[in-house]
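Start at 1 and go down the list; that is how both ligands and their atoms are numbered. Everything numeric in this text was worked out from a predicted model, so none of it was measured.
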Amino acid sequence: MVTYFNVVGTGGKRTLKGNIRVGGAKNAALKAIAATVLLQDEAELTNLPHIEDVSRLLDLIESMGGYVSRGAHRAHVNASRLASQVMTPEISKRIRASIVMTGPILAKYGKVAFPHPGGCVIGARPIDLFVDAFLKMGATIREDGKLYHIEAKDGRLQGAEIFFKNQSVTGTETILMAATLAQGVTTIKNAALEPEIVWLAELLNSSGAKISGAGTTTITITGVKKLKSNKAAWKIMPDRIEAGSFIVLGAIAAKELVVEDCEPKHLESLLLHLTQAGIPIEVGKHSVTVRSPKKLPTAVDLKTHEYPGFPTDLQAPMTVFLTQSHGESLVFETIFEGRLSYTESLNQMGANISMMDPHRVLVRGPQKLKARNLESPDLRAGLAFIIAGIVAEGDTHIHNVYNIDRGYESIEERLRAVGVDITRVM
Ligand code: EPU
């Protein structure tokens with residue numbers, strides 16, 4: 001049975017209205033699940049988004065002998081005594097973020113085996129930074145054609161000075177977790193600064209780790225012998241990418257949309273771009289209200305950047321917004337190659353987007369969009385296609401919904417509640 005989303009477009013009319021709540025952050029939840037491996041005891045994760053990636057990573061823990069009990073937006077996880085240190089290939093390959101499990105498993109058990117991780121197809125996703133860092137921490141690596149086998153010397157990683165050639169989010173998090181149980185001090189230089197990393201460091205510190213400098217480019221970790229969970233800390237932070245996607249939706253299609261339970265201070269770059277385009281925005285303590293502008297929004301240039309710059313994960317929704325803004329906008333994707341190929345589908349809907357090179361496109365707006373049959377190429381472009389379908393004329397079908405379910409919980413129900421005509425057709 002082929003499942004797809006049917007989105008009935010408004011033809012550009014601003015019809016949406018209401019409040020939409022933001023869930024727990026996918027990219028924090030996945031790291032928290034991996035961090036349970038470091039503990040001596042059970043953790044209870046709350047505000048856990050009910051999404052495919054989270055379910056798959058919990059499956060991975062279970063498949064390796066961990067205990068998992070799932071409830072509504074929560075899970076009890078005890079991964080303190082895994083029976084196996086081989087990351088089940090069929091599950092690991094489906095989800096790129098499984099790579100973060102390597103750090104905790106190696107730190108706790110002195111060895112780990114894993115396949116090259118899968119996930120979204122957004123250009124080359126190498127793992128050299130992880131491998132180089134593990135080598136610096138005294139590990140050895142062997143590849144047998146199917147799996148990488150990494151072993152720590154004498155069963156325990158050694159603290160080391162690690163300089164990351166690129167700022168990598170999962171690279172920083174993986175080595176951060178590995179270093180919490182290593183012997184001695186580890187320094188990570190050119191560390192990524194994303195809020196999920198700061199959150200993870202606080203979580204680990206509350207469980208007994210010694211980490212300082214998270215949120216700066218130099219993080220110092222003094223290894224400890226044991227970590228024990230601190231109950232209160234395992235509430236997953238709000239998803240800034242989900243919040244940002246809803247804000248963009250409001251900017252393009254709403255009379256008034258209140259995005260609730262978010263952390264506006266994590267969204268400064270997006271809010272600045274939208275304000276410059278002429279969108280009225282009101283920032284509350286934990287909410288953002290987006291209102292219809294009096295005149296057509298204007299073009300703004302966009303360059304994705306590591307945090308606190310414009311997030312690559314909001315580039316696709318924002319590009320849809322720019323197709324409905326007046327003038328020419330340059331979109332420069334600096335993080336991932338291949339993360340602009342979805343623009344070809346927007347052109348088929350009637351957008352006027354010229355690819356200048358694999359990292360840059362020129363968007364000319366406003367252009368009326370027409371419904372099409374689309375294939376969601378990755379999670380974020382999938383959500384961008386839903387937004388494009390909402391402003392288009394006619395019924396847009398978006399296939400490959402698994403890619404959207406990976407990161408957005410019950411998206412059709414939540415969008416319907418604010419006036420979007422969307423159904424999951426099975
Ligand atoms: N890189 C390397 N070598 C490595 C690892 C990364 O060269 O070993 C490069 C990448 O090719 C890329 C750059 O470093 O050019 C930055 O990538 P990064 O490692 O930061 O990305 P990631 O950690 O794999 C996380 C998020 C992504 C998000 C990026 C950038 C998770 C699970 N994933 O990926 O989220 O786009 O950071 O912010 O945290 C998503 O949620 O849809 C998603 C793709």
Return a yes/no value for [X]: is any of its N or O atoms, backbone included, closer than 3.5 angstrom to an N or O of ligand 1?
X: G171; value: no
X: V169; value: yes
X: P126; value: yes

Under 4.0 Å from a heavy atom of [X]: give me the atoms of ligand 1 that qualify, with their elements.
X: D313; result: 27 (C), 28 (C), 35 (O), 36 (O), 40 (C), 41 (O), 42 (O), 43 (C), 44 (C)
X: T312; result: 30 (C), 36 (O), 38 (O)
X: I335; result: 12 (C), 15 (O), 16 (C)
X: A97; result: 32 (C)
X: L379; result: 42 (O)
X: R380; result: 40 (C), 41 (O), 42 (O)
X: R339; result: 36 (O), 42 (O), 44 (C)

Take atom [atom1] of [X] as the centre, draw a 6.0 Å sphere, and report whether it contains more than 12 heavy atoms from other residues, nucleotides or ligands.
X: E328; atom1: CD; result: yes
X: H399; atom1: NE2; result: yes
X: R424; atom1: CZ; result: yes

Give the intermediate values and the outcome of salt bridge (Lys or Arg N to Asp or Glu O under 4.0 Å) for residues D59 and R56.
CA-CA 5 Å; D59 290 348; R56 294 295 81 75; 3.0 Å; yes
Y408 versus I386: any side-chain heavy-atom pair under 4.5 Å?
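They are not in side-chain contact.
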Do side-chain atoms of N6 reach the backbone of H397 as a donor and acceptor pair under 3.5 angstrom?
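Side chain of N6 to backbone of H397, a donor-acceptor pair under 3.5 Å: no, none is there.
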Walk me through whether E260 and R21 qualify under salt bridge (Lys or Arg N to Asp or Glu O under 4.0 Å).
CA-CA 5 Å; E260 290 178 331; R21 199 193 150 259; over 6 Å; no
